[in-house]
Structures are given as structure tokens and as C-alpha cells.
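So the structure is just underneath, and the comments pick up after that.
Sequence lines set the chain letters: A, B, ... in the order given, protein chains first and strands last, and positions in each chain run from 1. The figures that follow rest on heavy atoms only: side chains count, while hydrogens, waters and symmetry mates do not.
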Amino acid sequence: MKIASWNVNSLRVRLEQVLEWLESTQVDILGVQETKLQDTNFPLEAINSAGYDVLYSGQKTYNGVALLAHRERVVEKLGPMLYPVTNLPGFDDTQKRILAATIGDLRIINLYVPNGAVPDSDKYRYKLAWLEALYEFLRIQLNDHPRMVVMGDFNIAPEDADVHDPKKWEGSVLVSPRERKALQKIVSLGFCDSFRQFAQEDGQFSWWDYRAAGFRLNKGLRIDLILASDAILEHLTGSWIDREPRAWQRPSDHTPVVTEFTF
DNA sequence: ATGGCGGGTCTAACCCGA
């Protein structure tokens, strides 16, 4: 089974790209971030017609997440998406950034972690508070669901190897020590960064700035991650970044990341 | 050092992202 995560930067603009990519890659479960759509405007029929069940939690203008599961390859074999969660428990937040669901005995969590603006700003403090609430949520969830995939736009590059120019980025938001520690704390609950479970070439990123020819010059960051819990570690068979959609006309600034499992 | 691109919507001397 192939599980993928893609920040599409407006599902309204990127819908055809998402459907084309799913058709060509045969990805089974996809977490989408930054739909930027109210639920009343969600393209439910188009996604259902493409063969996917979908859950979504959106708002106007900002944020918004969705979770797609292929009807024949996932839902009919393992079961429907159940027990959705769209908020971090105990964290008062109007921003739609999380969507969790259970498929069979697999708990899937799709995230759009706050950006954080600049270190020590209000948005940065919100990011750290959000990550702390996420830590508590995942700690509880792992007890009930040892088989778990946590994916999304983490807005954190875990290591300097995930940054095109670590010197230039040092201390900036997306790489600053406090947010990296918050991510490490979450991973330490019992996850691995699936991409790093396999030998990878240097300079592989999942986001490139639209400005200053970021993609052409490969000035990017790897901030889109798929974490796998220890209980499913043995089922990992591969993890990669598909750069192709970033080269398409009118692309998202993120490209999809994929992890494959034996189940 | 700055701004650059590309989404959004209150279409702007706009806001936001990463």
C-alpha cells in the first residue's frame, strides 16, 4: 500500500493535478493539506468519481485538510474511514489543521502544522503550543492505536540534511532548535521518519519557494514527512519524494511524498 | 539587503505562506 502526503496550496486550483497524479501513481491513501476550501465547496463528487472515499475539514481562505482512501484497494479490503478527529483535544483552535481516521487497524493522521512566521513571534508561539498539544494527542492515540501513520506538512526540516543551505537558514523558522526539538519529542513517542529508513541521495526536498527560481536551483527544504509507528516499522518497503508534479504548469510549491508498506 | 511568486479575498496603499 502506498500512502502519500501533499500540500496542494489550494485544492480548487490543484484538483486536476491531484486526480491525474493519483491515477498515474496508484497511490492508495493521500493526505492533502492547504485545501483552502470551506466544506460546502469541497469537490466531493470529483474525488468520489475518481474512485476515492474522502474526509475533509476545511475553512475559508486558509488551512484545510482532507484524507482520501481508494475505495477498491483500501476501503473494500480494510474497511471505511472511521472515528474522524478534526481537532486537537483540549486545544482551543479555529484553524483546520488535523484530520485523523481509522482504516482497519491502522490509524492515519494528516497534519498541517503551523508555519510559525519568525522565531519568538505570536505565530511561532502558536506553532510550539500546537506541537505540544499534538504530542499529547499522539501519546494517547498510540496507546489505543499502535499501528499509526502520521503524515503531513510539518513545516519543520528535521535535520540540516533536509535544508539546501543550512548556514543560510540557521535559526530561521522551519529549522530553529525549539521546533526541531518539539518534532524530535513527537518522533520519540515511537515513530520513525520513514524517508530516512532508506538510503537516500543528498539534496532531496519537498518544498521549493516559488520565488527566485527555487525549484530550478533546487533551493528547497524537506518539510513534508510521513512518520510510521514502531509497530509497523517492519512493513515499510520504501519512501520517496515525487518531484514530477513540482515541474508541472501552475504547480503547488510542495511536491508529494510517498511511503510504501507491505500491507 | 531586498524582494521575488502565487494562493486567498474585503480586488488592495490587502493578507499569508515557507
Which is true for [X] with a 4.0 Å heavy-atom rule: it touches a base, it touches only sugar-phosphate, or it touches nothing?
{"X": "A:Asp209", "result": "nothing"}
{"X": "A:Phe205", "result": "nothing"}
{"X": "A:Asp224", "result": "nothing"}

Taking atom [atom1] in both [N] and [M], what distance in whole Å separates the two?
{"N": "B:dA12", "M": "B:dG17", "atom1": "P", "answer": "22 Å"}
{"N": "B:dT11", "M": "B:dG6", "atom1": "C1'", "answer": "15 Å"}
{"N": "B:dA1", "M": "B:dC10", "atom1": "P", "answer": "37 Å"}
{"N": "B:dT2", "M": "B:dA13", "atom1": "P", "answer": "23 Å"}
{"N": "B:dT9", "M": "B:dC15", "atom1": "C1'", "answer": "9 Å"}

Item to check | DNA chain B: 5'-proximal contact among A:Lys168 and A:Arg97 (nearest heavy atom) | outcome: A:Lys168

Protein-nucleotide distance ([X], atom [atom1]; [N], atom [atom2]), rounded to Å:
{"X": "A:Asp253", "N": "B:dC5", "atom1": "CG", "atom2": "P", "answer": "14 Å"}
{"X": "A:Glu170", "N": "B:dA18", "atom1": "CD", "atom2": "C1'", "answer": "18 Å"}
{"X": "A:Gln33", "N": "B:dA18", "atom1": "CD", "atom2": "C1'", "answer": "14 Å"}
{"X": "A:Gln95", "N": "B:dG17", "atom1": "CD", "atom2": "P", "answer": "8 Å"}
{"X": "A:Arg211", "N": "B:dA18", "atom1": "CZ", "atom2": "C1'", "answer": "8 Å"}
{"X": "A:Tyr126", "N": "B:dA18", "atom1": "OH", "atom2": "P", "answer": "12 Å"}
{"X": "A:Ile156", "N": "B:dG17", "atom1": "CD1", "atom2": "C1'", "answer": "16 Å"}
{"X": "A:Glu179", "N": "B:dA18", "atom1": "CD", "atom2": "P", "answer": "12 Å"}

Next on the checklist: Could you check whether any side-chain N or O of A:Arg222 sits under 3.5 Å from a backbone N or O of A:Pro158, counting only pairs where one atom can act as donor and the other as acceptor?
Outcome noted: no

Checklist entry - Does the pair A:Lys2/A:Asp242 count as a salt bridge with the N-to-O cut at 4.0 Å? => result no

Next on the checklist: Assess, by modelled atom type and distance only, whether the side chains of A:Tyr210 and A:Asn9 contain a donor and an acceptor separated by less than 3.5 Å.
Outcome noted: yes

Next on the checklist: Tell me which one of A:Tyr112, A:Trp21, A:Trp207 satisfies ring pair (Phe, Tyr, Trp, His ring centres under 6.0 Å) with A:Trp6.
Outcome noted: A:Trp21

Checklist entry - A:Met1 and A:Asp28: which non-hydrogen atoms are nearest, and at how many Å? => result CA-OD2, 3.4 Å

Checklist entry - Quick one: what's the B/S/- string for nucleotides 6-16 of chain B, heavy-atom cutoff under 4.0 Å, read 5' to 3'? => result SSSSS-----S

Next on the checklist: Can you tell me if A:Asn115 touches the phosphate of B:dA18, counting only side-chain N or O atoms and a distance under 4.0 Å to OP1 or OP2?
Outcome noted: yes

Item to check | Option passing side-chain contact (heavy atoms from CB on, under 4.5 Å) with A:Tyr56 (candidates A:Thr35, A:Leu37, A:Leu44) | outcome: A:Leu44

Anything under 3.5 Å between a donor and an acceptor, one on a side chain of residues 256-263 of chain A, the other on a protein residue two or more places apart or in another chain? List them.
from: A:Thr259; atom 1: OG1; to: A:Ser194; atom 2: OG; distance (Å): 2.7
from: A:Thr259; atom 1: OG1; to: A:Ser239; atom 2: OG; distance (Å): 3.0
from: A:Thr262; atom 1: OG1; to: A:His235; atom 2: ND1; distance (Å): 2.7

Item to check | Residue list, side chain to side chain donor-acceptor pair (under 3.5 Å) with A:Gln184, at least two apart or on another chain | outcome: none

Checklist entry - Taking any strand in view, what nucleotide pairs with B:dA13 in a Watson-Crick or G-U wobble way, both distances under 3.5 Å? => result none

